[in-house]
Colleague: 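Just dropping this structure here.
Chain A is the first sequence line, chain B the second, and so forth, proteins listed ahead of strands; every chain is numbered from 1.
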Number of protein chains: 2
Amino acid sequence: MTVTQNTSFFDQHFLNHISLDCVVFGFHDNQLKVLLIRRKFTKEWALPGGFVRGDESIEIAATRVLQERTGLDNIFLKQFKVFSEPERSKRNPIVQDLVESGARPDLEWFKQRFISVGFYALVDFSKVEPTPDSISDLCDWKNLGEVDSLILDHNQILNKALETLRLQLNYQPLGYNLLSDRFTMPELQRLYETILAKELDRRNFQRKMLSYGILNKLKERKTGGAHKAPYLYEFNLENYQKALQNGLYGGW
Amino acid sequence: MTVTQNTSFFDQHFLNHISLDCVVFGFHDNQLKVLLIRRKFTKEWALPGGFVRGDESIEIAATRVLQERTGLDNIFLKQFKVFSEPERSKRNPIVQDLVESGARPDLEWFKQRFISVGFYALVDFSKVEPTPDSISDLCDWKNLGEVDSLILDHNQILNKALETLRLQLNYQPLGYNLLSDRFTMPELQRLYETILAKELDRRNFQRKMLSYGILNKLKERKTGGAHKAPYLYEFNLENYQKALQNGLYGGW
DNA sequence: GTATCATTGCGTCGATTAGACACAAACTTA
DNA sequence: TAAGTTTGTGTCTAATCGACGCAATGATAC
């Protein structure tokens, strides 16, 4: 089969009409954060994203993009929705950016209609080195509550990602990708509370969490805090993976 | 914005590289069924699918395709995954079909790499009028267990759709789109049992189902059967929609 | 050195829910 | 009219959920 190749963009060959956008979640200081980039000239904020090369699946393309933006391999990634409204890429600030920058190598290519596949990613905040792409001058974390207007339909994409994440929480385990290897029960609880934007009972949370059988309790405690030292835990990866696959609630 | 238009196919203008495939589920004779089409010349079976026009979102395109295949409007539709392996459309039987048919209006166009958005649809079996598309000679229901080799990665798409449907069952109501307006509790139970491929306790099923508050019990019974006449139910659409949105289990 | 105080570990209690099963009523067929 | 299924409804016990109590811990203030 002949793959139809396209106008090139920075010496890469990308598929026409198809893009991807990533909502990268991190957790730090009891805050849920999103990784954003800022356009060089328009100074507008956007979700990190990219295009698909001829030899890539869309997952591979997303992995590549996130590697470039975060420095990380092996990121937890999940497709959650395709955004395809014909109007969505009108008045594209990327085009505007390229015009104003003078560097407009393949301007025409950016003018086409794009259908974007939305991914969300969960990463260990402390391991990420935010790195802007070639048409951005900044890449940084923003608290979820402090994100304001993004380009195109990126606010909508972000909201849908969050909604999906909250749903996911109800039938899949979560935390391995967002916390460091060893963590305390209160830390895990803060994560859940932050995502759900709601307080949970400390004791019931622990009981429920332990009942899943995805945690290993360590003998060590986390010292240095101002109060009673909590035990450290780690995820039991074998059971964690099983729970990811089979879900946490039987349901039927 | 200028939408990049493409080689035309049957006087339509479709977006390059993007296709959609629909897994249409129906329920009849206590069997879960899938709507399939058969290629004119190669006689291979496939999922109904299509392409996206310049003025369509991908959901609108899927709705159009399903209207053509089933005669129905207002179909329950859900995106579940994008299939984008670079190898997936190699040795494309559609191209082969067009070659053998002699009618090869835009053969080149079909040779490109396609990224396909998978949808699943739930329909009332009795209301569907299966209608083949222009490169197929047959459109018909198949029992889920009796589907054998489909073109490309369509088996994989079908399996993923079924998996998603089963997951959905655990936190969303189901049945309104697959059953007729009035139905009996045993009928609803058979539907669940068929999807889950597992038997459920009659009495516990009824208790759980009623507890959701999405059913109206009618005074009428379904007569004509060989045994005690069961009551008829209908869905309480208001509560059904609410349950679809909020989910059935709190979780957290 | 000792009291203070927020936080953690572990446990209890009642109410609700889930799973297994019993029994009578209904309706067709033999 | 009896037999054989299927349906409607109810019961029992065990497990689970949500709300809360209390003692232990460990840095900080005095």
Colleague: Calculate the interatomic distance between L218(B) atom CG and dT7(D) atom C1'; express it in whole Å.
Modeller: 16 Å

Colleague: Going from NZ on K127(B) to OG1 on T70(B), what distance comes out if it is rounded to the nearest 0.5 angstrom?
Modeller: 11.5 Å

Colleague: Whole Å only: how far is the CE atom of M209(B) from the C1' atom of dG8(D)?
Modeller: 18 Å

Colleague: Using whole Å, report how far CG of L248(A) lies from P of dT16(D).
Modeller: 14 Å

Colleague: Starting at CG of L215(B) and ending at P of dG8(D), how long is that distance when rounded to a whole Å?
Modeller: 12 Å

Colleague: Could you tell me how far apart F205(B) (CZ) and dG8(D) (P) are, to the nearest whole angstrom?
Modeller: 12 Å

Colleague: Between R166(A) and E163(A), does any NZ, NE, NH1 or NH2 come within less than 4.0 Å of an OD or OE carboxylate oxygen?
Modeller: no

Colleague: In this structure, how many angstroms lie between the C1' atom of dT17(C) and the CH2 atom of W252(A), rounded?
Modeller: 14 Å

Colleague: What is the per-nucleotide protein-contact pattern of nucleotides 1-13 of chain C, from the 5' end, where B denotes a base atom under 4.0 Å from a protein heavy atom, S denotes such proximity for sugar-phosphate atoms only, and - denotes neither?
Modeller: -----BBBBBB--

Colleague: Any cation-pi pair here, K142(B) with W45(B), using under 6.0 Å and within 45°?
Modeller: yes

Colleague: Can you sort out the partners of S126(B) under side-chain hydrogen bond (donor to acceptor under 3.5 Å, both in side chains), two or more places apart, ordered by chain and number?
Modeller: D124(B)

Colleague: First locate atom CZ of F80(A), then atom NZ of K78(A), and finally report the distance between them rounded to the nearest 0.5 Å.
Modeller: 12.0 Å

Colleague: Can you see whether Y212(A) has K208(A) sitting over its ring - NZ or CZ less than 6.0 Å from the centre and within 45° of the normal?
Modeller: no

Colleague: Output the rounded distance in Å from CG (L200(A)) to C1' (dC17(D)).
Modeller: 13 Å

Colleague: Could you tell me how far apart E199(B) (CD) and dA20(C) (P) are, to the nearest whole angstrom?
Modeller: 13 Å

